[in-house]
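In what follows, a single structure is set out as structure tokens and then discussed.
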Amino acid sequence: MIVLATSDKGGTGRSVTTTNVAYRRALQGDDVCFLDFDFGSPTAGAILDVESVSRGIKMGTGLHSYLHGETAEPARIDVWRHAGWSGRRRPLGAGRLVLLPGDEGGGEFPVDAAMIERCRQLFLGLAEEFSIILVDLSAGRSYAAELVQEATSNLGSGGEAVRWLVFHRWTRQHILAAHGLVFGERGIVNNGVQLGIDREVMEDSIRFVRTAVQEPDSAQLSLLRPAQASWLQRCHEELLELAARRRLGRSMMIGAIPLDPVLQWREQIIRDLDVRSTQIANPETVAAFEDLASKLTQQNYWAAV
Amino acid sequence: MTGDSAPGPRPTLLLVEARTTLLRHSHAVNPDMAREILAFTPAASVRTTSRPLARAVSPDTVEGVYCRLPSAAGRRTDGIGTVASRGVLIGGRIALASSRTLIAAGRPGVPARRRGWFTHLANPGVLEQIGRADDDDLARGFTGPSRPGVLDLAAIASRLLDRVQAATMLDGTIPLRTARTRFRFAVHDVGPHGSAPSPSFTIDDAGVRTLVVHAALDAPEQLATLCEEIAAHDWLLTTMQRLVDGLDEPPARAGRIERIAPAVEQLLHLWMPGAHSEPELSWVWSALERRPGFSRQWASIVARIRNELDLSILRALSDGAEPTHQARLRREL
């Protein structure tokens, strides 16, 4: 399965959520690879705490170089072995967790046919090996996103399932932006239709993830003055209604990641240890990551309702 | 173009790189389909054999190269000529691509130079060496860590394997996820009567397998076949060992039989070391059986799977269930 993670706006917590989902999924026993397609600012190395590629790989062997035909195979990094927090080895029972970093100083680029073919071959090759291929795209419309959508729309017979996760924060602007990114005139759905994919299939392959969510009844908000609390409640209801009108309602939502101080202060992998022993992260955050990780492959969350 | 018709210098080193994976198809393909998948070149025919195990070999595709040769000592040595590659399907199930080239040193007394491409194309799979670097240096450079800008047989083999996997008649189903293995094979010439030191087989940190052998180079195709066969068996071992290793780890306890099943059904019967290699080369297999002990490792994997199935049959019976699936798998062993 290929999972494409995107968002219309920056700062949604897309990268940190996607890397944590990759981590959780690998812990659940799947072989997972993570592709950093945010060419303008590769950040996966930093979030995963792989020192040598914290701003992308330096040797000209990253994904950016591969797509340009400058290296025959993009570099791969075994996260279990190289991440600062990991014990240098794969945890018992976990699958592989491999990062394909972008290049340091990569930048955006226009797409040509040879690149699409290279990208397609990359996905086909990775699918032989990994059951989950997570692709972190940059925020907004980008050449990289265009490239990936075209490459994955044409994986041949019996090809891998392709699914989109669209991240947005729980605000009016973010909801409208996410709606535009997916359902707009030049949005993901219409692009897919132009590439020959059935509209219904396309819509079934897209789900939304709400990030930095504070439910009005959460403990974090218990200190609010009554006036604030009731205002917040009203906003929340308005947003629920807006989301439903813009087709971002419950049936299209696959996950909600609560606001967590750890993620606000530093984008990082949250281990069980960070919840149980040091208690710097909230258990609800980990539960949300795990939940999203397992829903990726549960068909009932992706079929039309 | 004025071709130099004199026969080229005698090669003294053969370099082969093989990439191996599982064919992107739900079940083993039959010989007719294998022929279609491997028909890269119009008019040239795909060779197939069915005994003792099905094997289909594509015609060679030849690529011209002019690049640096891998010198471990870092010497500036170029190679000009061609690389020959072919795709192979084993048991209709294992897909493999190999790229090979013979390295021929410049003739003594004749300054090495670029000759017309026609001359090079007349000797497919031969690279003429320009500059000094001895065979040991080149073989060590080839089997050592890859460097950018140097002859990259892996990339050529990889592209060909991508082409096999992209064949339109494949259904795209992947019955079990397996990693592509990389196998490098360097053969030093010993001439027809030379004595050969034992082969050395190693696996480096990046998972690249290397085998260095001393043998006569007069039949490079047979050596390529040997390399492909060893690469395929090494892939089988790697894939099965990983599966068996995973069985003991905690979260995988549930669904063990489901995870073993595709491998038992599709891969176990493909173990047949030396089935397609020439008898004159069987000593290489014998050496590998002594160390690292290919078949011993395989036997232990099969025993582990058999135990797993037996236990699961017993558990099912004691739960009052009918272990038909397990029993059917058990019969495959």
Side-chain angles (χ1 to χ4, degrees), chain A residues 1-2 24-33 57-61 65-66 69-78 81-82 88-96 98 114 117-133 151 154-161 290 294, chain B residues 17 19-26 94-95 99 146-182 205-207 235 238-239 242-243 245-256 259:
Chain A
M1 166 172 301
I2 300 170
R24 290 287 150 189
R25 194 70 205 206
L27 280 182
Q28 291 167 5
D30 286 282
D31 289 334
V32 178
C33 69
I57 198 161
K58 293 185 185 76
M59 290 103 78
T61 51
S65 302
Y66 167 78
E70 288 153 13
T71 181
E73 276 168 76
R76 291 174 171 210
I77 289 167
D78 177 348
R81 241 169 88 187
H82 296 285
R88 305 275 166 239
R89 53 146 50 124
R90 185 173 59 84
L92 218 54
R96 297 164 65 205
V98 173
E117 182 52 25
R118 281 187 210 111
C119 189
R120 201 176 75 86
Q121 288 297 350
L122 176 68
F123 285 124
L124 285 174
L126 290 172
E128 288 171 12
E129 226 176 302
F130 297 96
S131 44
I132 306 279
I133 301 167
N154 182 24
L155 290 175
S157 55
E160 288 293 300
E290 288 225 292
S294 57
Chain B
E17 172 122 10
R19 281 300 183 90
T20 313
T21 191
L22 187 70
L23 193 65
R24 258 165 39 88
H25 200 64
S26 51
I94 302 176
S99 296
S146 15
R147 274 173 266 201
V150 173
L151 172 71
D152 195 352
L153 293 183
I156 301 175
S158 214
R159 273 202 301 275
L160 189 64
L161 190 54
D162 285 344
R163 204 165 148 189
V164 172
Q165 291 287 64
T168 48
M169 37 297 214
L170 296 176
D171 64 18
T173 307
I174 299 167
L176 71 160
R177 312 267 167 185
T178 63
R180 285 188 184 188
T181 51
R182 307 204 263 170
D205 286 347
W235 177 83
T238 310
T239 304
R242 201 170 164 250
L243 197 71
D245 285 347
L247 288 178
D248 289 328
E249 301 184 0
R253 285 208 192 283
R256 285 168 158 204
R259 299 201 312 135

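Labels below follow one simple rule: chain letters A, B, ... track the order of the sequence lines, proteins then strands, and each chain is numbered from 1. All values reported here derive from a predicted model rather than from experimental measurement.
Proximity to chain B (any heavy atom under 4.5 Å) is restricted, for A/Arg90, to the side chain, taken from C-beta onward. For a residue to count as touching a neighbouring chain, one of its non-hydrogen atoms must lie under 4.5 Å from one of that chain's; by this rule B/Arg180 touches chain A with backbone and side chain alike. With a threshold of 4.5 angstrom between heavy atoms, B/Asp152 approaches chain A through side-chain atoms but not through N, CA, C or O.
Residue A/Arg88 qualifies as enclosed at atom CZ: its count of foreign heavy atoms under 6.0 Å is above 12.
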Does the pair B/Arg19 and A/Glu73 meet the rule for a salt bridge (charged side-chain N to carboxylate O under 4.0 Å, His left out), with working shown? CA-CA 13 Å; B/Arg19 281 300 183 90; A/Glu73 276 168 76; 3.2 Å; yes
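Within the model, atoms CZ of B/Arg242 and CG of A/Asp31 stand 4.5 Å from one another, a figure rounded to the nearest 0.5 Å.
Taking the ring-ring contact (aromatic ring centres under 6.0 Å, His included) definition, one finds that A/His82 meets it with nothing, sequence neighbours left out. Remark: A/Glu117 pairs with A/Arg120 by the salt bridge (charged side-chain N to carboxylate O under 4.0 Å, His left out) rule, at least two apart or across chains. When the salt bridge (charged side-chain N to carboxylate O under 4.0 Å, His left out) test is applied to B/Arg182, no partner is found at least two apart in sequence or on another chain.
Residues of residues 121-130 of chain A that come closer than 4.5 Å to chain B, counting heavy atoms only, are A/Gln121, A/Leu124, A/Gly125, A/Ala127, A/Glu128, A/Glu129, A/Phe130, ordered by residue number.
The side-chain heavy atoms of A/Arg96 and B/Arg177, taken from C-beta on, include no pair separated by under 4.5 Å.
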